[in-house]
4 protein chains.
Amino acid sequence: MTDKRSAKAAGRTEAIMRTTLELGQEIGYAKLSIEAVAARAGVGKHTIYRRWPSKGALFLDSLLSLNRPGLDYPDTGDVVADLREQIHMAIDLLDRPPLGPLYRALIGEALLNPQVAAALNDHFITPQAEMTVARLKAARDQGQLSPDFDLDLAMGILSGPLYFRALIIQEPLTHEYVDRVIEALFAGMGPRR
Amino acid sequence: MTDKRSAKAAGRTEAIMRTTLELGQEIGYAKLSIEAVAARAGVGKHTIYRRWPSKGALFLDSLLSLNRPGLDYPDTGDVVADLREQIHMAIDLLDRPPLGPLYRALIGEALLNPQVAAALNDHFITPQAEMTVARLKAARDQGQLSPDFDLDLAMGILSGPLYFRALIIQEPLTHEYVDRVIEALFAGMGPRR
Amino acid sequence: MTDKRSAKAAGRTEAIMRTTLELGQEIGYAKLSIEAVAARAGVGKHTIYRRWPSKGALFLDSLLSLNRPGLDYPDTGDVVADLREQIHMAIDLLDRPPLGPLYRALIGEALLNPQVAAALNDHFITPQAEMTVARLKAARDQGQLSPDFDLDLAMGILSGPLYFRALIIQEPLTHEYVDRVIEALFAGMGPRR
Amino acid sequence: MTDKRSAKAAGRTEAIMRTTLELGQEIGYAKLSIEAVAARAGVGKHTIYRRWPSKGALFLDSLLSLNRPGLDYPDTGDVVADLREQIHMAIDLLDRPPLGPLYRALIGEALLNPQVAAALNDHFITPQAEMTVARLKAARDQGQLSPDFDLDLAMGILSGPLYFRALIIQEPLTHEYVDRVIEALFAGMGPRR
DNA sequence: CGCTAATCGAGACGGTACGTCCAGTCTTACG
DNA sequence: CGTAAGACTGGACGTACCGTCTCGATTAGCG
């Protein structure tokens, strides 16, 4: 039975993060200000600064507090099908409203602020990547992939094109594009197989 | 015969961009301010706002004014060798100091500011991608690649992992990693070749 | 012919001082804030900080911008009558609303802030005292006072009890009290006249 | 026999006041904060607020806790000598470090805060004035002063110039100046006795 | 002597204002 | 006319204290 103090503080923390997401959706991350979050949440600015060192850190935590569900990787025995399934879900969540624009802004902030980059990696990118790697490793262990299969490289070839298309080219991701990437990853693209 | 006025204006424009890069290297893009650039360049703020609508736009132009050299794609007849050559040069330029951190910040800004994103795409990303696509197309036309070779997909699989590693994972790129990506692109990664 | 820039700036300066006095009368000096003055005057905070280093300095200037009138000393030939006349006017102005409470607060601020104290002395207290001393000196030169009459001491004995009563004892000043002080100054209070 | 509770509480009260004076001397009254006093004294803020309603009240009490000694008026039979003696002592205490600056600040606070003004009057100014008045009254009763001698007026003429010089003009007080005021009080300053 | 109540240190909290920085606009004076 | 200089409004920054409010953890006399 946790103490009442924690209960109250946790409630406030949660309220701040909820308000951050709300405001973030309304006006966008770039125009978001700690001042406005504090005002909307009915909270003193210090209460926010006590918990997070910067707007980016607050925003990161707020986003991470959402996407706990659905991270788990299926393992049906068919590694290709599992990858498709999981990546389809991931892009449906991260590349579409309401989360898509916020996640894009979060990565933008990470590129400007090393602290945020480090936290983002530790709390989201790396765990996510490790799940993919783990699933691939299981497949390799089961003999579905060659013994010298390069797990990290495969992970990069799976994720990279999607991030590139979503963030750099700024075109929406489709399940079809994911499938083509997966296909290419395993089959290669010639010349002359 | 261009008038002297233009000459003077162009000189000023160049001076502003040079100062922007200087300051950007000293204090980082995030802490850069138009105020500071104007002061350092000995220029009125208005003179900057007359030329660029935002810090991001100024920064983009400043960076683009640098890397004109070396964009050209070689065509030795060996598409794999040419890709390696060109991509090695590209990452040497864009993923290492002094340009690396600035380019990273520029992409961060683009993710927060759609105008900058559009301009960055128009003036750098797309032209660069098109050169890769053009080189691949030439190879396809010469029969080195299968007729249904998906040019855009290949370009995404070449660039994506590099951007992913550099920007998201934030690990430095190596020639060896580039080579492994190229290898995988054409050969595929199993299962069972 | 003064330039237009000064005209505009001067107008703003005056508006700020007027607002300061308004707010000062409404909520009192202690609760006055630069923030509130700026908001009410429709002016950026920086515009105030550019002109005055502190709330006290702003308040001092604002008050001094008012009481230019009526400082002049009469000289009817009768030094006692002239002192009465002038001092009555002074206390009517400085010890009664609307100025009284503000002047009291100004002196309070001066006691807490040496910069304000110095400015107050230079711009009000000393000039005022010098006028009294000058009137006394004229009287001495005309033989109405003894040649070794101590001008500064007399000025202190005239002003001191009034300030003491107004500020320390905090009882209102009356013309009658002024008259008794003047009477005592010249006649002495015994023992044995 | 007072209870032990009081003993401990009194110790804490005393510690707070001691800390207040310490900090007041180090950084000045203006920069003093209840927060800082509490931290330095190792005491919760509440413990201070439970005892004093404001910074000014705390400071007043802290100062008053010091100058218990030396308030007593001598009565040697010679009223002039006694006044000199007592006033010399008073200015030596109140117009010189370490107490001088603090006393000055206290009066400044009183001018900004009516509650402090009232408390200062009740606990220091009035008792002190009454002692002077009492000593003068004794002299009058003994026939050393004329029967219609105005006691309050005399007190004002004694104290006023000293406060005026110390607080308004901000020049240090000297025994010699005190003597000249006393001399003028009794003898008057002309014109033509 | 043990128990209820007060007091305490610590410090979180909502709030106000601070003094600074910069954005983006506007004005003036120079060349 | 374009410019350097810089004043201007406005908004947010991150900090400092205010005075209030829990928290447990000591004490306190009272039963």
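Labels below follow one simple rule: chain letters A, B, ... track the order of the sequence lines, proteins then strands, and each chain is numbered from 1. Values reported hereafter were calculated over all heavy atoms of this structure, with side chains retained and with hydrogens, waters and symmetry mates removed. Source: prediction; values computed, not measured.
One can place CD1 of B:I34 at 18 Å from P of E:dC21, the figure rounded to the nearest angstrom. The CD1-P distance, from B:I16 to F:dG2, rounds to 15 Å in whole Å. Between B:W52 atom CH2 and E:dA23 atom P the separation is 15 Å, expressed in whole Å. Counting to the nearest Å, the C1' atom of E:dA23 and the CD atom of B:E109 are 14 Å from each other. Rounding to whole angstrom units, CD1 of residue B:I48 and P of E:dT25 are separated by 14 Å. Atoms CD1 (B:I27) and C1' (E:dC21) sit 13 Å apart, rounded to a whole Å. Nucleotide F:dA12 holds its P atom 10 Å from the CG atom of A:L32, rounded to whole Å.
Of all nucleotides listed (F:dC8, E:dC13, E:dT20), E:dC13 comes nearest to the side chain of A:R51. Taking the side chain of A:E35 as heavy atoms from C-beta on, and the options E:dC13, F:dC17, F:dC13, the nearest nucleotide is F:dC13. Distances were taken from every side-chain heavy atom of B:Y49 (C-beta onward) to each of F:dC18, F:dC8, E:dG24; the shortest belongs to E:dG24.
Contact annotation for C:T47: base contact, defined as any heavy-atom pair under 4.0 Å involving a base atom. Among the heavy atoms of the strands lying under 4.0 Å from A:R12 are primed sugar atoms or P, OP1, OP2 only; no base atom is included. No engagement by B:K55 is indicated, since no non-hydrogen atom pair under 4.0 Å with the nucleic acid exists.
Under 4.0 angstrom from either OP1 or OP2 of F:dA4 there lies no side-chain N or O belonging to B:R40.
The backbone N or O of A:V43 sits nowhere less than 3.5 Å from a side-chain atom of A:T47 that would complete a donor-acceptor pair.
Contact record, B:I168 with A:N121: O-ND2, 2.8 Å, taken as the closest heavy-atom pair.
For the pair B:S33 and A:R50, nearest-nucleotide mapping onto DNA chain E gives the more 5' position to A:R50. Nearest-nucleotide positions on DNA chain F for A:P53 and B:A39 put B:A39 closer to the 5' end. Each of A:V43 and B:K31 was assigned the nucleotide of DNA chain E with the nearest heavy atom; the assignment lying further toward the 5' end belongs to A:V43.
A salt bridge links B:E14 with B:R18: at least one charged nitrogen is closer than 4.0 Å to a carboxylate oxygen.
Considering B:R40, B:K45, B:K55 in turn, B:K45 is the only one that fulfils the salt bridge (Lys or Arg N to Asp or Glu O under 4.0 Å) rule with B:E35.
Contact annotation: side chain of A:H46 to base of E:dC13, donor-acceptor pair absent below 3.5 Å. For D:K45 against F:dG19, a side-chain N or O and a base N or O form a donor-acceptor pair under 3.5 Å.
In this structure, D:Y103 has its ring center no closer than 6.0 Å to that of D:F59.
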